[in-house]
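The structure under discussion appears below in the form of structure tokens.
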Amino acid sequence: MIESAKIVYLDNNATTALEPAVLEAMMPFLTECYGNPSAGYSLGALARKAIERAREQVAALIGCSASEIVFTSSGTEADNTALNSALALDPQKQHIVTTSVEHSAIAKHCEDHVRRDGHVTFLRINEQGALDLNELEAAIRPDTALVSVMWANNETGILFPIEEIAAIARRKGVLFHTDAVQAVGKIPIRLADSNINFLSLSAHKLHGPKGVGALFVNSQTRFRPTLFGGGQENGRRSGTENVASIVGLGAAAECAAAKAEEEKTRVPQMRDRLERELLERIPNLLVNGDRASRLPNTTNLTFTGVEAQSVLLMLDQKGVCCSAASACRTGSAEPSRVLSAMGLSRERALSSLRFSFSRCNSDHDVMRAIEIIPSVVKKLRAFAPPSAVSA
Ligand code: PLP
């Protein structure tokens, strides 16, 4: 067993620790309350009631009505379902507008759509991580089914102006989806009266269990399911519900709402202190993306002249967890697709690491990271040619 007490966990965009209150809420549904929610007796009704409570808790966190929440097996499934639904409405409308920095749950679906003779416009991003909204508007065509833009980038934390983008899509008469997997629970979101048709979220990014997510489907939006079968989720997502995990997602959403203030204050203070102290102690350290417009918990840094994979391994030996790219890509030597799309050189992208905080981190974690990271970088730079270390 890993001694988690000794770990400085700074990879909260990959996943988060389960909140104790979430585990407590889930336990009865992993043990004595095992009824099928579709069953007609009271053991089933207990599970059904718990699911409906979770639906309300999730809806409260993102400011929509409970009937607009469809539970899924993951953020990935929610993303895929939104795209599938939009594309299924009209065979004449098979064009998607998206960005070149989306998570693979969107990017790979779009690549597959192109392989099936569909059309996708991948919008460019500038070095700050920002989109040109005029370019976005111009990319919408008469055959566009959907615009899909993530709320916050998983690697850099950069936020896109989602309300503005949704308004453009509405004005142009096309559907709008946002992958808000990294945003929900970290920044305030209110969907009531918004122009957003679909929004994806995932429990394990907000101190809930893995393997459960949700898709917000605006009540006025036509929807076509991806999974057919027993008609669960009001016919919108078949398959016997993962009751314990759905209850966990609901509890995590309630905790996130109750602790929103902490996310707004203590979390960015820890991130900013780490960034400030590392910039002071490590020469030629660069921050990637616009620091003014990003999640409160994320920083993406280039350690000029050293390979991020080597830093990652040495930090791991010292108990510090961070990420060299998105979690799914760890172990790959290819530069991050996101940083490359922002125009960063291959060398710079391969020298970049993401540190992401959560409310489970402490000032002690920040102090340990400030002690350990500069010494690791110094050691590795001793082996690098001096020309590689200058910015
Ligand atoms: N979208 C974004 C932006 C993510 O960061 C992730 C997970 O890393 C996902 C989607 C996929 O979510 P899940 O892990 O629940 O499938």
Side-chain angles (χ1 to χ4, degrees), residues 9-18 22 58 62 69-84 96 98-112 122 125 129 131 148-160 162 165 177-187 189 196 198-216 226-227 237 239 242 245-246 248-250 252-253 256 289 294-300 321-332 336-339 341-342 354-358:
Y9 185 73
L10 300 180
D11 199 17
N12 287 279
N13 284 8
T15 197
T16 53
L18 199 68
V22 171
V58 173
I62 57 174
I69 298 294
V70 179
F71 290 116
T72 63
S73 68
S74 56
T76 299
E77 187 192 317
D79 281 348
N80 276 261
T81 302
L83 266 56
N84 290 342
I96 298 173
T98 189
T99 79
S100 46
V101 295
E102 297 297 310
H103 186 270
S104 45
I106 293 292
K108 298 271 183 196
H109 189 295
C110 286
E111 286 166 21
D112 186 59
F122 294 96
I125 302 295
L131 270 174
S148 178
V149 175
M150 68 201 319
W151 203 309
N153 186 271
N154 41 307
E155 291 189 35
T156 59
I158 300 292
L159 298 163
F160 286 127
I162 290 305
I165 297 171
H177 164 253
T178 182
D179 173 345
V181 165
Q182 291 292 346
V184 171
K186 294 177 187 156
I187 56 169
I189 290 180
I196 297 170
F198 303 108
L199 175 146
S200 310
L201 62 95
S202 176
H204 74 105
K205 308 292 186 182
L206 55 139
H207 305 283
K210 294 165 185 62
V212 62
L215 180 66
F216 155 82
T226 285
L227 295 187
R237 198 274 186 184
N242 184 348
S245 293
I246 289 171
L249 169 53
R294 57 182 176 165
L295 287 172
N297 78 322
T298 309
T299 180
N300 191 303
C321 302
C322 62
S323 169
S326 77
C328 324
R329 293 170 52 84
T330 302
S332 134
S336 142
R337 187 170 47 80
V338 171
L339 298 181
M342 285 164 63
R354 173 188 75 190
F355 298 89
S356 49
F357 289 81
S358 80

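Just so you know, ligand 1 is whichever comes first in the structure, and atom 1 is the first atom listed for that ligand. Nothing fancy with the numbering, it's 1 onward along the sequence.
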*Is there any N or O on Gly75 that sits under 3.5 Å from an N or O of ligand 1?*
yes
*Side chain to side chain, Phe216 and Val184, heavy atoms closer than 4.5 Å*: no
*Heavy-atom distance to atom 14 (O) of ligand 1: which of His204, Gln182, Glu155 wins?*
His204
*Return the minimal non-hydrogen interatomic distance between Leu249 and Gly213, and the atom names on each side.*
CD2-O, 3.7 Å
*asked:* Tell me if a side-chain donor or acceptor on Glu155 pairs with a main-chain N or O of Leu339 at a distance below 3.5 Å.
replied: no
*Would you mind running through ligand 1 and noting each atom that sits below 4.0 Å from a heavy atom of Ser202?*
13 (P), 15 (O)
*Could you list which atoms of ligand 1 come closer than 4.0 Å to a heavy atom of Met150?*
3 (C)
_ligand 1 to Asn13 polar contact by distance, N or O atoms, under 3.5 Å_ = no
*If we only count heavy atoms from C-beta on, is the His177 to Asp79 side-chain gap below 4.5 Å?*
yes
_Donor-acceptor under 3.5 Å (Thr298 side chain, Gly157 main chain)_ = no
*Distance filter under 4.0 Å to Ser74 heavy atoms, resulting ligand 1 atoms*: 15 (O), 16 (O)
_Interfacing atoms of ligand 1 (cut-off 4.0 Å, heavy-atom, Asn154)_ = 3 (C), 5 (O)
*What residue among Asp11, Asn12, Asn300 forms side chain to side chain donor-acceptor pair (under 3.5 Å) with Arg354?*
Asp11
*Lys205: heavy atom below 4.0 Å from ligand 1, yes or no?*
yes
*At a non-hydrogen distance cut-off of under 4.0 Å, which region of Thr76 contacts ligand 1 (side chain, backbone, both, or neither)?*
both
*Partners of Glu77 by salt bridge (charged side-chain N to carboxylate O under 4.0 Å, His left out), sequence neighbours excluded?*
Arg237
*Using a strict cut-off of 4.0 Å, indicate which atoms of ligand 1 neighbour a heavy atom of Asp79.*
1 (N), 10 (C)
